[in-house]
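Single-structure report; data block below.
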Number of protein chains: 2
Amino acid sequence: MTLPIQTANENCEDCPIRHRAVCARCEPDELHELDAIKYYRSFEAGQTIIWSGDMMNFVGSVVSGVATLTQTMEDGRTQMVGLLLPSDFVGRPGRDGAAYNVVATTDVVMCCFRKKPFEELMARTPHIAVRLLEMTLDELDAAREWMLVLGRKTAREKIASLLAIIARRDATLSTDGRPGQMVFDLPLTREAMADYLGLTLETVSRQMSALKKDGVILLEGKRHVTIPDMRRLMDEAGDDSDGGFLV
Amino acid sequence: MTLPIQTANENCEDCPIRHRAVCARCEPDELHELDAIKYYRSFEAGQTIIWSGDMMNFVGSVVSGVATLTQTMEDGRTQMVGLLLPSDFVGRPGRDGAAYNVVATTDVVMCCFRKKPFEELMARTPHIAVRLLEMTLDELDAAREWMLVLGRKTAREKIASLLAIIARRDATLSTDGRPGQMVFDLPLTREAMADYLGLTLETVSRQMSALKKDGVILLEGKRHVTIPDMRRLMDEAGDDSDGGFLV
DNA sequence: GAGAAACCTTGACCGAGATCAAATTGGAAA
DNA sequence: TTTCCAATTTGATCTCGGTCAAGGTTTCTC
């Protein structure tokens, strides 16, 4: 499992672009040039950041908060195709139209660059493009991993897969520090989970209840989740390995 | 619809890398350097080119033939996650292990570069990385488009979506040149179609028969397909637009 | 051209997940 | 606290696509 979910930056000062998305190996003058075309934008929870089809005159990355990428059919069926977390990159150098809706699920701050100057800088600076290429290849792997989930897994396996991914991203070890035990708050509603998994929210709810009844997860309230045995959860997810979890 | 299916090169001499994948804007000396680390490999239909988990000491692109990217669960469920056609790029600069099986569905010729020198060249040559980034972003868009198909479309819509994609890639206009009419040979077995669509081969067969009965497609034999009305097929695919077909 | 082996189609039946329809919970506002 | 409303759970029923099974085609081999 390698959805585009990543741990927060470790050494970020003010803008994740600087060291994760683009400039891990930038020279000072390149950083200065990036600074010159950089600006920040804030969004409230629920607000749409980008509409599918919009002109996009910027690229950027998430500084804080969570946003989702979704595609929608005209009859309303929607499929989430990605999750944007701090340090994740948005936008396409070399293309103007946005391909999906980007919606803030929490309050979000983005660090943006005007597209034209960014592209020009990229054309002169190999490691910026190389870094973006690496990130994009990671996202592609994640999207393809998710195609297996969507195409071939059962509802129970889908839920377990999603919980495993979220746990990997931002679970804390429980207070008693039992190895393999993880605790976290779900950052998604049941409906958002359903949109991610290609299910209905009723099925999500039923499978969450089933996993709880079977002791695979513990629930306090609707959102607070404890995984007593991560290995067990991975088994339920049907992953043929540890899913990269222990790598 | 923008699966990683692309039309064949228009100006290719011997190696698609030269102008599509990497070197559309290469200087002569860069081309020469690429030549120095380039070699060709041939594969027979049915042969596995890369096993998931294998060490990959090369990157490259398809010169001729068709290959598939598949992921498999230990119980045998498999999901195709990409189709490789002439000019498509394979491999990850910056990563050693392959993430999926790559299988030749026809005889395939690949143009390969040893990974280390390729990475070094890329680190010095911005437009190589920029070009690969553009291609990878296209593939990412395609994968995400496919997530909608896998997660939210009905069996009939899935089949129609796949036919539309294949038609867009390599259909010829019919002899009478009727606008909107397209003719092509399916490059996939029913089982491969099922693996692409997250269905069983029986369901694929039934839906093909249904589309035929309803006049959406005409079949001669099992593989030769005529689309009398492309617009009608797009409607059956449930796409909210022309799916990029007329762009 | 006979036989074999893929490949494909069709039918009967079943079940996982969708749909429709109430409850129930829980957090925020008053 | 009480009310309210969105989020969630649970139940009853239905349906699409899966599963199992039997033939039918096409292609390859000898």
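In the text below, chain A, chain B and the rest are named by the order of the sequence lines, each starting its count at 1.
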Show your reasoning for whether side-chain contact (heavy atoms from CB on, under 4.5 Å) applies to A/Ile49 and A/Val108.
-> CA-CA 9 Å; A/Ile49 298 175; A/Val108 166; 4.1 Å; yes
Taking atom CD of B/Gln47 as the centre, does the number of heavy atoms from other residues, nucleotides or ligands within less than 6.0 Å exceed 12?
-> yes
At under 4.0 Å, does any side-chain N or O of B/Thr203 touch on OP1 or OP2 of D/dG18?
-> yes
Nucleotide C/dG11, atom P - distance to CD of B/Glu202 in whole Å = 14 Å
Might you confirm whether atom CD of B/Glu202 has over 12 heavy atoms from other residues, nucleotides or ligands at distances under 6.0 Å?
-> yes
Classify the angle between the aromatic ring planes of B/Tyr39 and B/Phe58 as parallel (below 30°), tilted (30 to 60°) or perpendicular (above 60°).
-> perpendicular
Could you check how far CE of B/Met193 sits from P of D/dG17, rounded to whole Å?
-> 15 Å
Nucleotide D/dT10, atom P - distance to CG of A/Leu219 in whole Å | 10 Å
Kindly say if B/Arg190 contacts the phosphate of C/dT9, meaning a side-chain N or O under 4.0 Å from OP1 or OP2.
-> yes
Please state whether the phosphate of D/dT10, meaning OP1 or OP2, lies under 4.0 angstrom from any side-chain nitrogen or oxygen of A/Ser209.
-> yes
Taking all atoms of both residues into account, what is the closest heavy-atom pair of B/Val149 and B/Lys158, and its distance?
-> O-CE, 3.3 Å
Kindly indicate whether the side chain of B/Asp88, heavy atoms from C-beta on, has any atom under 4.5 Å from the side chain of B/Glu139.
-> no
Using a 4.0 Å heavy-atom cut-off across all strands, classify A/Arg223 as base, sugar-phosphate, or nothing.
-> sugar-phosphate
Any donor-acceptor pair under 3.5 Å linking the side chain of A/Arg77 with the backbone of B/Arg152?
-> yes
Check the distance between D/dG17's P and A/Leu150's CG and give it to me in whole angstrom.
-> 16 Å
Base, sugar-phosphate alone, or nothing: which one does A/Ser205 contact when heavy atoms must sit under 4.0 Å apart?
-> base
Taking atom C1' of D/dC5 as reference, at what distance in whole Å does atom NZ of A/Lys222 sit?
-> 14 Å
B/Arg206 atom CZ is separated from D/dG18 atom C1', nearest whole Å, by 9 Å
Euclidean distance, atom CD1 of residue B/Ile159 to atom P of C/dT9 [Å, nearest integer] | 10 Å
Please check the phosphate of D/dG17 (OP1 and OP2 only) for any side-chain N or O of B/Thr200 closer than 4.0 Å.
-> no
Tell me, which stems hold DNA chain C, with a stem being 3 or more Watson-Crick or G-U pairs in a row and both distances under 3.5 Å?
-> C:1-30 with D:1-30
Nucleotide C/dT9, atom P - distance to CG of B/Leu199 in whole Å = 14 Å
Looking at every strand, decide which applies to A/Leu201 at a 4.0 Å heavy-atom threshold: base, sugar-phosphate, or nothing.
-> base
